[in-house]
There are 2 protein chains.
Amino acid sequence: MSEASGAQATAPKGRNTRQKRIVEQMLTGREDFVSAQELHQLIVDAGESVSLATVYRILQAQQQDGLVDVLRTADGEALYRKCADPGHHHHLVCRRCGAAEEVQAPTVEKWADRIAAEYGYTEIEHTIEVFGLCPRCSAAD
Amino acid sequence: MSEASGAQATAPKGRNTRQKRIVEQMLTGREDFVSAQELHQLIVDAGESVSLATVYRILQAQQQDGLVDVLRTADGEALYRKCADPGHHHHLVCRRCGAAEEVQAPTVEKWADRIAAEYGYTEIEHTIEVFGLCPRCSAAD
DNA sequence: CTACATGCAAAGAATTTGCAAATCA
DNA sequence: TGATTTGCAAATTCTTTGCATGTAG
């Protein structure tokens, strides 16, 4: 349930390779969610070269280490973003431009625990994402 | 917030075909989430015959008409279930057996609205799913 | 040196689509 | 009859994998 020691926010697990550095740098420079394909395109556009398969592999690894947040588009595409806050949180995502805020939801956490207990469910996990139009995109309408 | 007239729970939109009836019947008889592929297999197992493509087409249509709930597995697979409650609700899903409870989350709705307002987001939508092990599966451990 | 990382191309899985044949209204 | 639906197979999209080669440590 709880992490014992202070986890490194950006602790690379494997070797320190060029492609790993590029992907991480790309994610760091960006504050909205991107798909693996988009990220790969961004790398190419930046004049760098990392194969798509490798981008997938690195994102997968970072996901397992909890270094990136992952969410799924309505049509099943995975979107990634570097965690700003290593702790548990949710997102308020703009469905137009991809911008996102990390939000806390203490109320919701409690609700989930209560509901789960009520039905006798254990080993609870939850997915909570809020989509909308950010102020800028709302105004652009 | 509330539906004015009593909406038909199972109002078919297009023609009343054999395959549509089979798919609907299959969904009605089942109270947990199933993927399109599983549903197709269930149909085959029941000695009926509806092509996989058609199962996909029917589910897609029902989804648009709001007759089925859709959620996504962690690896992006779409799971479907006939809506028991036509109103807005969320799910408490067993990640082992697929059983699911429909739960109300007034607290959460308010939280989402509040958060959205706080950041100036408009046209809010949200996705909230709670996964865990149902009592039966918890016991089976 | 040598195990782990990468690239490439092929494999996979879920879902969609084109088109001719079957079928409901 | 005549427009929808279906079935089949091929096409798409996203993602993963096998294997030979490259490279960090």
Side-chain angles (χ1 to χ4, degrees), chain A residues 8 10-27 32-65 67-81 98 129, chain B residues 10-27 33-65 67-81 93 95 98 129:
Chain A
Q8 293 298 88
T10 315
K13 277 296 174 60
R15 290 179 178 174
N16 177 23
T17 66
R18 179 180 61 85
Q19 16 286 88
K20 221 169 276 184
R21 258 172 283 139
I22 294 179
V23 168
E24 277 163 30
Q25 180 187 135
M26 226 55 184
L27 282 173
D32 31 329
F33 283 87
V34 287
S35 66
Q37 315 249 5
E38 286 170 335
L39 188 57
H40 175 254
Q41 190 53 55
L42 287 171
I43 290 172
V44 171
D45 291 348
E48 299 286 357
S49 172
V50 178
S51 84
L52 180 57
T54 298
V55 170
Y56 272 108
R57 279 189 279 233
I58 293 177
L59 286 175
Q60 193 175 263
Q62 299 227 335
Q63 176 183 175
Q64 293 191 322
D65 296 341
L67 298 176
V68 297
D69 280 340
V70 187
L71 62 79
R72 297 233 167 223
T73 254
D75 56 291
E77 202 183 24
L79 301 184
Y80 302 85
R81 173 172 126 151
E129 304 296 346
Chain B
T10 316
K13 273 298 176 52
R15 288 180 176 174
N16 177 23
T17 67
R18 180 180 61 84
Q19 16 285 86
K20 220 169 279 184
R21 257 172 282 134
I22 292 178
V23 168
E24 277 164 29
Q25 179 188 136
M26 227 53 185
L27 281 174
F33 281 87
V34 286
S35 66
Q37 315 249 4
E38 286 170 335
L39 188 57
H40 175 252
Q41 190 52 55
L42 287 172
I43 290 171
V44 170
D45 291 348
E48 300 287 355
S49 172
V50 177
S51 84
L52 179 57
T54 298
V55 171
Y56 272 109
R57 281 188 280 233
I58 294 176
L59 286 176
Q60 191 175 264
Q62 299 226 335
Q63 175 183 175
Q64 293 191 321
D65 297 342
L67 298 176
V68 298
D69 280 341
V70 187
L71 63 79
R72 297 239 166 217
T73 254
D75 56 289
E77 202 185 25
L79 300 184
Y80 302 85
R81 175 171 124 154
V93 186
R95 82 174 128 256
E129 306 295 349

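The structure displayed is predicted, hence computed values, not measured ones. Below, chain A is the first sequence line, B the second, and so on; all start at residue 1. For the numbers below, each heavy atom of this structure counts, side chains included, while hydrogens, waters and symmetry mates do not.
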Along DNA chain C, 5' to 3', what are the outermost nucleotides having an atom less than 4.0 Å from a heavy atom of chain B?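 Under 4.0 Å from chain B, the extent on DNA chain C is C/dA14 to C/dA25.
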
Could you check how far [atom1] of [X] sits from [atom2] of [N], rounded to whole Å?
X	N	atom1	atom2	value
A/L39	D/dT15	CG	C1'	15 Å
A/Y56	D/dT17	OH	C1'	14 Å
A/Q64	D/dT15	CD	P	15 Å

Throw together a table of side-chain donor-acceptor distances under 3.5 angstrom for residues 41-50 of chain A, partners on residues two or more places apart or in other chains.
from  : atom 1 : to    : atom 2 : distance (Å)
A/Q41 : NE2    : A/D45 : OD1    : 2.8

How long is the gap from [atom1] on [X] to [atom2] on [Y], to the nearest 0.5 Å?
X	Y	atom1	atom2	value
A/L79	A/L39	CG	CG	11.0 Å
B/Y56	B/S51	OH	OG	11.0 Å
A/E38	A/Y80	CD	OH	12.0 Å
B/L52	B/R57	CG	CZ	10.0 Å

Is any side-chain heavy atom of A/Q62 less than 4.5 Å from a side-chain heavy atom of A/L27?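 Yes, their side chains come closer than 4.5 Å.
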
Considering only nitrogen or oxygen atoms on both sides, find all protein atoms under 3.5 Å from nucleotides 10-13 of chain D and state each distance.
none

Does the side-chain contact (heavy atoms from CB on, under 4.5 Å) test come out yes or no for A/F33 and A/L71, once each step is laid out? CA-CA 8 Å; A/F33 283 87; A/L71 62 79; 3.6 Å; yes

Five pairs at each end of the helix from C/dC1-D/dG25 to C/dA25-D/dT1: take the axis at both ends and give me the angle between them to 10°.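 Comparing the axis at each end, I get an angle of 30°.
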
Please give me the minimum heavy-atom distance between A/A36 and A/V55, naming the atom from each residue.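 For A/A36 and A/V55, the tightest heavy-atom pair comes out as O-CG1, 3.8 Å.
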
Considering all heavy atoms, the nearest A/A78-A/V70 contact: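 In this case the closest contact between A/A78 and A/V70 is CB-CG1, 4.3 Å.
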
Between B/Q19 and B/A36, who's closer to the 5' end of DNA chain C by nearest nucleotide?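 Its nearest nucleotide being more 5', the pick is B/A36.
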
Partner residues of B/T17 under the side chain to side chain donor-acceptor pair (under 3.5 Å) criterion, sequence neighbours left out: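 By the side chain to side chain donor-acceptor pair (under 3.5 Å) rule, B/T17 matches no residue at all.
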
Reading 5' to 3' through nucleotides 19-25 of chain D, protein heavy-atom contacts under 4.0 Å coded B for base, S for sugar-phosphate only, - for none: ----BBS

